[in-house]
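Below is one structure, written out as structure tokens; comments come after it.
What you are looking at is a predicted structure, and each value in this text was computed from that prediction instead of being measured.
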Amino acid sequence: MSYAVSRLDWTDTSLGTIPTPRGQLALRASFGSGLTTRAGDPPGRVWAVCDRGPNLKVKIAMERYGLDLLAPLADVPGAKIMPDPAIGPTIAELQIDGDTVTLLRTIRLVDESGHPVLGLPDASSGHVVLEPVFDIQGQPIGPSQLGLDTEGIAALASGGFWIGDEFAPALVWVDAEGRIVHRLVPRRVDHAGIEGGEPGLPAIAARRQINRGFEALTLSGDERSLFLAFQSPLAHPDEDAHRRARHVRFWRLNAETGEVTDQYLYPLDRPKSFRRDRMLGQFGREDIKVSEIAWIPDNGLLVLERGSATTKLYRVELDPQSILQPEHLDIRTRPTLEEMSAANDLALPVLAKHLLFSSDDIPEMSADLEGIAFLSPTDLLLVNDNDFGVEGAKTSFWRIRFDDPLWS
């Protein structure tokens with residue numbers, strides 16, 4: 001399929017600076033974790049979400065900013081440094097006019113009492129593995145009573161939003177002003193592995209790999225179905241299965257009740273096909289992620305599959321023959337989908353995919369593209385995640401204009 005690619009005009013807003021031994025750590029606004037449009041909005045109106053807030057790996061904090069006092073944390077698995085924990089989950093309303101992106105307003109997520117939601121690990125998520133978090137002085141930061149790592153977003157015609165959270169992982173419904181109305185988390189299981197009867201998501205969702213929860217969300221055109229994709233194969237029953245598997249779970253949910261109605265398997269590409277990532281160094285199965293999905297009318301999805309430097313866009317059709325049997329949502333089922341995938345012994349249907357675009361063919365495009373939203377049947381908006389500028393990255397918006405419409 002032929003297309004043209006152009007970069008749009010945008011400048012990140014400064015969120016301040018933090019002094020470090022090697023100069024200033026400049027923080028920038030970040031709205032690249034997810035994009036969506038809302039039915040009934042004016043043309044060019046787009047909604048975006050940032051993730052939990054600025055954070056760095058210990059090694060980068062030491063090498064880039066000279067924060068050697070963090071050396072004792074270098075061997076703490078998964079440790080993250082949050083230089084300004086007050087910066088947290090936020091929605092942005094954007095307007096696309098011609099080749100320019102304009103920020104109209106931001107909406108900070110708040111709890112039922114109106115207090116800002118923080119991007120710290122959630123205290124209620126003790127049933128999953130969470131990253132240990134420290135401040136810039138190396139002191140541990142305790143979990144929040146309602147912490148969210150917001151990644152995916154879907155806007156409702158009524159004015160609210162569904163938002164995906166990587167921590168629990170959770171699906172969060174917020175109203176038009178950003179107040180959390182409802183939160184769906186994985187159900188707990190007893191000693192026999194039997195799920196509780198409380199409302200929530202299948203317990204198997206808690207087997208997400210650390211920092212690889214709900215990254216991609218989209219609504220069907222009639223808003224009856226909510227689709228989500230895990231970022232990577234589950235660590236089910238263990239991390240070895242996650243590292244070696246090459247299929248990702250996609251769910252269709254009843255958007256009113258939150259019940260999972262269908263489960264699909266999406267096959268990830270082989271690592272060797274991510275050319276730009278391979279040129280940068282070692283790159284394996286565990287480095288491939290699904291970061292965004294967008295609804296295509298007539299029962300299809302556009303899927304953003306990526307490494308870091310390489311981003312691919314695939315079209316999949318949600319063929320009823322690809323729906324998996326319900327037992328594969330049961331946390332007790334063995335072998336697991338991930339075990340079968342890792343062993344190349346998967347005798348189950350998978351979604352067929354058709355490549356529409358690869359950033360390997362457009363060398364000037366940004367790395368870490370995470371958000372997509374359709375502006376029309378021919379125009380697609382993409383954005384990278386600048387990680388709040390902690391490593392110097394800036395936000396870049398890109399438009400892909402396909403010669404032929406993706407739906408009629």
Side-chain angles (χ1 to χ4, degrees), residues 1-5 7 32-33 51 55-60 63-64 77-78 80 151 166 208-213 215-216 229-235 239-250 265-293 301-316 338 341-344 346 350-372 380 382-387 390-398 400:
M1 177 174 284
S2 299
Y3 53 79
V5 177
R7 183 173 179 173
S33 288
D51 58 26
N55 62 91
L56 302 106
K57 295 179 180 179
V58 175
K59 181 179 179 181
I60 294 172
E63 293 179 352
R64 186 179 181 92
K80 288 290 180 68
E151 291 286 353
E166 283 201 316
R208 62 97 178 101
Q209 172 66 4
I210 187 170
N211 201 32
R212 297 287 182 93
E215 178 102 353
F230 286 88
Q231 191 175 8
S232 299
L234 300 184
E239 283 197 42
D240 182 62
H242 156 75
R243 286 191 298 268
R244 295 171 53 226
R246 56 176 297 266
H247 292 84
V248 173
R249 296 175 188 245
F250 283 21
L265 276 181
Y266 175 85
L268 297 171
D269 281 0
R270 302 289 182 181
K272 65 181 181 182
S273 68
F274 292 76
R275 297 199 308 270
R276 289 169 65 184
D277 283 297
R278 297 274 289 185
M279 290 173 61
L280 295 174
Q282 187 174 354
F283 185 79
R285 283 187 179 185
E286 68 276 11
D287 299 311
I288 304 171
K289 306 174 276 286
V290 172
S291 284
E292 187 77 292
I293 54 177
L301 294 175
L302 186 69
V303 181
L304 189 157
E305 179 180 343
R306 71 180 186 94
S308 178
T310 298
T311 295
K312 304 180 187 183
L313 297 174
Y314 279 99
R315 178 173 186 154
V316 301
E338 289 71 25
S341 175
N344 293 318
L346 189 69
V350 299
L351 292 170
K353 51 196 256 189
H354 174 63
L355 182 66
L356 299 182
F357 171 85
S358 172
S359 67
D360 283 344
D361 300 324
I362 312 291
E364 66 271 23
M365 284 196 80
S366 309
D368 297 320
L369 293 165
E370 290 193 17
I372 57 174
L380 181 73
L382 298 88
V383 65
N384 68 309
D385 183 358
N386 73 353
D387 292 323
V390 295
E391 294 186 52
K394 298 180 180 180
T395 302
S396 298
F397 286 92
W398 300 83
I400 300 177

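In this structure Met279 satisfies the side chain to side chain contact (heavy atoms under 4.5 Å, CB included) test with no other residue, sequence neighbours excluded. Judged as a side chain to side chain contact (heavy atoms under 4.5 Å, CB included), and not counting sequence neighbours, the contacts of Lys394 are Asp12, Arg28. For Phe250, the ring-ring contact (aromatic ring centres under 6.0 Å, His included) partners at least two apart in sequence or on another chain are Tyr266. Residues satisfying the side chain to side chain contact (heavy atoms under 4.5 Å, CB included) test with Ser33, not counting sequence neighbours, are Val49, Asp51, Glu151, Glu370, Asp385. Among residues two or more places apart in sequence or in another chain, the salt bridge (Lys or Arg N to Asp or Glu O under 4.0 Å) test is passed with Glu286 by none. Asp287 pairs by the salt bridge (Lys or Arg N to Asp or Glu O under 4.0 Å) definition with nothing, not counting sequence neighbours. Contacts of Glu63 classified as side-chain hydrogen bond (donor to acceptor under 3.5 Å, both in side chains), with partners at least two apart in sequence or in another chain: none. Arg212 meets the salt bridge (Lys or Arg N to Asp or Glu O under 4.0 Å) test with no other residue; sequence neighbours excluded. Not counting sequence neighbours, the partners of Arg7 by the side-chain hydrogen bond (donor to acceptor under 3.5 Å, both in side chains) test are Ser396. Residues satisfying the ring-ring contact (aromatic ring centres under 6.0 Å, His included) test with Tyr314, not counting sequence neighbours, are none. Annotation: side chain to side chain contact (heavy atoms under 4.5 Å, CB included) contacts of Asp277 (sequence neighbours excluded): Phe274, Phe283, Ser308, Ala309, Thr310.
Each of Arg249, Arg243, Arg246, Arg244 was scored for a salt bridge (Lys or Arg N to Asp or Glu O under 4.0 Å) with Glu338, with one residue passing: Arg249. Just one of Arg276, Glu292, Arg306 meets the side-chain contact (heavy atoms from CB on, under 4.5 Å) condition when paired with Thr311; it is Arg306.
For the pair Asn384 and Thr395, the minimum side-chain heavy-atom distance is below 4.5 Å. Put simply, the side chain of Val248 does not reach to within 4.5 Å of the side chain of Lys289, judged on heavy atoms. In this structure, the side chains of Asp387 and Asn55 stay at 4.5 Å or more apart for every pair of heavy atoms. Between His242 and Leu234 the shortest side-chain heavy-atom distance does not fall below 4.5 Å. Proximity of Ile400 to Phe357: side-chain heavy atoms (C-beta onward) are separated by under 4.5 Å at one or more points. Contact annotation: the side chain of Ile60 approaches that of Glu391 to within less than 4.5 Å [non-hydrogen atoms, C-beta and beyond]. The side-chain heavy atoms of Leu351 and Leu265, taken from C-beta on, include no pair separated by under 4.5 Å. By the 4.5 Å heavy-atom criterion applied to side chains, Leu313 and Leu355 are not counted as neighbours.
Between Glu215 atom CD and Ser291 atom OG the span is 4.0 Å, to the nearest 0.5 Å. Ser366 OG to Leu382 CG: the interatomic distance, rounded to the nearest 0.5 Å, is 9.5 Å. Between the CZ atom of Arg270 and the NZ atom of Lys272 there is a distance of 8.0 Å, given to the nearest 0.5 Å. With rounding to the nearest 0.5 angstrom, the OG atom of Ser273 is 10.0 Å from the CG atom of Leu268. Once rounded to the nearest 0.5 Å, the distance linking OG of Ser359 with CG of Leu369 reads 6.5 Å.
The list of salt bridge (charged side-chain N to carboxylate O under 4.0 Å, His left out) pairs with a residue in residues 350-364, not counting sequence neighbours, reads Asp269-Lys353, Arg275-Asp361, Glu305-Lys353.
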